[in-house]
There are 2 protein chains.
Amino acid sequence: MARDQLTRDQIVKAAIELLDAEGLEGLNMRDLGRRLRSAATAVYWHVGSKDALIALAADEAWHEAELPDPAELGWREAAYRMAVSLHAMFTRHPWLVQAFGAYPIYGPGKARHDDHALGVYEAGGFVGIEADQAAAAVFTFVLGNALGVAAQQAFNRKLARDANAEELARAHQADAVAVAVGFPRLRARVESPSAEYAAGPEGGFEFGLRAMLHGLESGRH
Amino acid sequence: MARDQLTRDQIVKAAIELLDAEGLEGLNMRDLGRRLRSAATAVYWHVGSKDALIALAADEAWHEAELPDPAELGWREAAYRMAVSLHAMFTRHPWLVQAFGAYPIYGPGKARHDDHALGVYEAGGFVGIEADQAAAAVFTFVLGNALGVAAQQAFNRKLARDANAEELARAHQADAVAVAVGFPRLRARVESPSAEYAAGPEGGFEFGLRAMLHGLESGRH
DNA sequence: GTTCCACTTGAACGTTGTTCAAGTCGGGTC
DNA sequence: GACCCGACTTGAACAACGTTCAAGTGGAAC
């Protein structure tokens, strides 16, 4: 064994750190090699391709999601906490959501999560495919919300990288307002932004999640 | 005016056709130029950058979404049809969903849609920020579902491009089963796939959408 | 007919993912 | 201890990509 040996786990860990810091399009094999103190091409002996590496990193991140016990908390509280925990994980790793739309990501990490989710909804009285659909509905909502978060973070990074960031941001903001003015309801919100909007889009996640869980509960057979 | 003149609209239209056919990562400026019967670099006089072009194409696509009238149909049916129409649009243009996670996409097309959505939910009795949150919740669910569709289509395209596609697909399938076997509930579904699962993930969209709308209706103040 | 400028072109640059022949080096065998 | 094999690394190189730029081209205005 040579002194400076690479491991697949080391590579995946370094990739996750780089992805968190630089975003999905910020990851490249040369920087990854630099961080690992080896040639960029050495990675290819262990991993196959960049896409495969991203799939590995994504599935690894899935293990961060918590799996609350429905027997202890009740199915609805367990489902709620699962969704919140998943949402937090996506927010920590926004590249994962973007990758989700480009590569099929399915491995032990996601399987572990899916299996537990099915257990939660079956504990809630959802039978057969209804458990699948209920779990998928909540997961889908969390994913959609996370995609919005990812977009925002990607935009912020793009601004940070650019030199004259502030000017760009201001121009973009001005554009948004100019567009909104053409539509009555959007204009009302732009012109007199009441205090209740200050919470930002964060509040919308709780709202939608509770509505979804409530709708599932009363639609159950 | 020279005979072979480019227009921004022509460029955007050609870009959408290419994106629909080849996917987000299948679009490149040289192919776009070829389709427009001009040099690839001619596009840059009209558009600025590839990212800006994608943003233009995305906003253009938004106009395909239908805006049903809540006064005529009732708010809930209008909301339902809006969501279904939006979902169909995302399915026709899966690249849009992927782009949504990478660039901030906001223009007249999306503004028109958002404004109408607010109108629908206000007609349903949602006041102030609740209308925003209700609209955002349904939109988020549709977006998340569309992301799954986009992933599937991207994967299919990747398989189609590769030479030994069938073998790859089979290997991937085998991997998925091998992973699932390690988890009790997933294993049950893999081992005895009852007929009710045949509908595929399509059925899940209706199910989740109805649950969300129901939950919103009963949570309204 | 001359000038002008909106628009196009082809060559070129830097960055990216990936391949490949050539190397290095530790551990097992005689 | 000499040898060698195979796991692992390296640097050079390739093709494809987005983008820039100096050099054009050709219709419209005077």
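Residue numbers begin at 1 in each chain, while the letters A, B, ... track the order of the sequences.
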Subject >> Residue pair A/His113, A/Leu67: steps toward the side-chain contact (heavy atoms from CB on, under 4.5 Å) verdict >> reply: CA-CA 7 Å; A/His113 181 269; A/Leu67 307 181; 4.2 Å; yes
**OP:** Flag the pair B/His172 / B/Phe155 as yes when their ring centroid distance falls below 6.0 Å, and as no otherwise.
**Re:** yes
Original post:
Nearest to the side chain of B/Thr41, which nucleotide is it out of C/dT8, C/dT18, C/dT9?
Top reply: C/dT9
Original post:
Which part of the nucleic acid, if any, lies within reach of A/Leu27 when heavy atoms closer than 4.0 Å are counted: base, sugar-phosphate only, or nothing?
Top reply: sugar-phosphate
**OP:** Using atom CZ of A/Arg30 as one end and atom P of D/dC14 as the other, report the distance to the nearest whole Å.
**Re:** 14 Å
Original post:
What nucleic acid atoms does B/Ser38 come within less than 4.0 Å of, heavy atoms only: base, sugar-phosphate, or nothing?
Top reply: sugar-phosphate
Original post:
Which comes earlier along DNA chain D counting from the 5' end, the contact point of A/Ala42 or that of B/Gly48, where each point is its nearest nucleotide?
Top reply: A/Ala42
**OP:** Round to a whole Å and report the spacing from CE of A/Met29 to C1' of C/dG17.
**Re:** 8 Å
Subject >> Contact under 4.0 Å: B/His46 side-chain N or O vs C/dA6 OP1/OP2 >> reply: no
Original post:
Counting side-chain heavy atoms from C-beta on, which of D/dC8, D/dT9, C/dT16 comes nearest to A/Gln5?
Top reply: D/dC8
**OP:** Tell me, please, whether A/Phe139 has A/Lys110 positioned over its six-membered ring: NZ or CZ under 6.0 Å from the ring centre and within 45 degrees of its axis?
**Re:** yes
Original post:
Could you state the CG-P distance from B/Leu32 to C/dT9, rounded to the nearest angstrom?
Top reply: 13 Å
Original post:
Does any donor-acceptor pair link the side chain of A/Ser49 with the base of C/dG17 at a separation under 3.5 Å?
Top reply: no
Original post:
B/Glu25 has an atom CD; how far is it from atom C1' of C/dG17, in whole Å?
Top reply: 14 Å
**OP:** Let me know the distance between CD1 of A/Ile11 and P of D/dT9, rounded to the nearest Å.
**Re:** 8 Å
**OP:** Test salt bridge (Lys or Arg N to Asp or Glu O under 4.0 Å) on B/Arg189 and A/Glu122 and set out the steps.
**Re:** CA-CA 13 Å; B/Arg189 279 158 176 82; A/Glu122 284 179 353; 3.2 Å; yes
**OP:** Report the distance from atom CG of B/Leu24 to atom P of D/dC17, rounded to the nearest whole Å.
**Re:** 14 Å
Original post:
Rounded to the nearest Å, what distance is computed from the CG atom of residue A/Leu53 to the C1' atom of nucleotide C/dT18?
Top reply: 14 Å
**OP:** Would you please classify the geometry between the B/Trp62 ring and the B/Phe100 ring as parallel, tilted or perpendicular, with 30° and 60° separating the classes?
**Re:** tilted
Original post:
Whole Å only: how far is the CG atom of A/Leu6 from the P atom of C/dT24?
Top reply: 18 Å
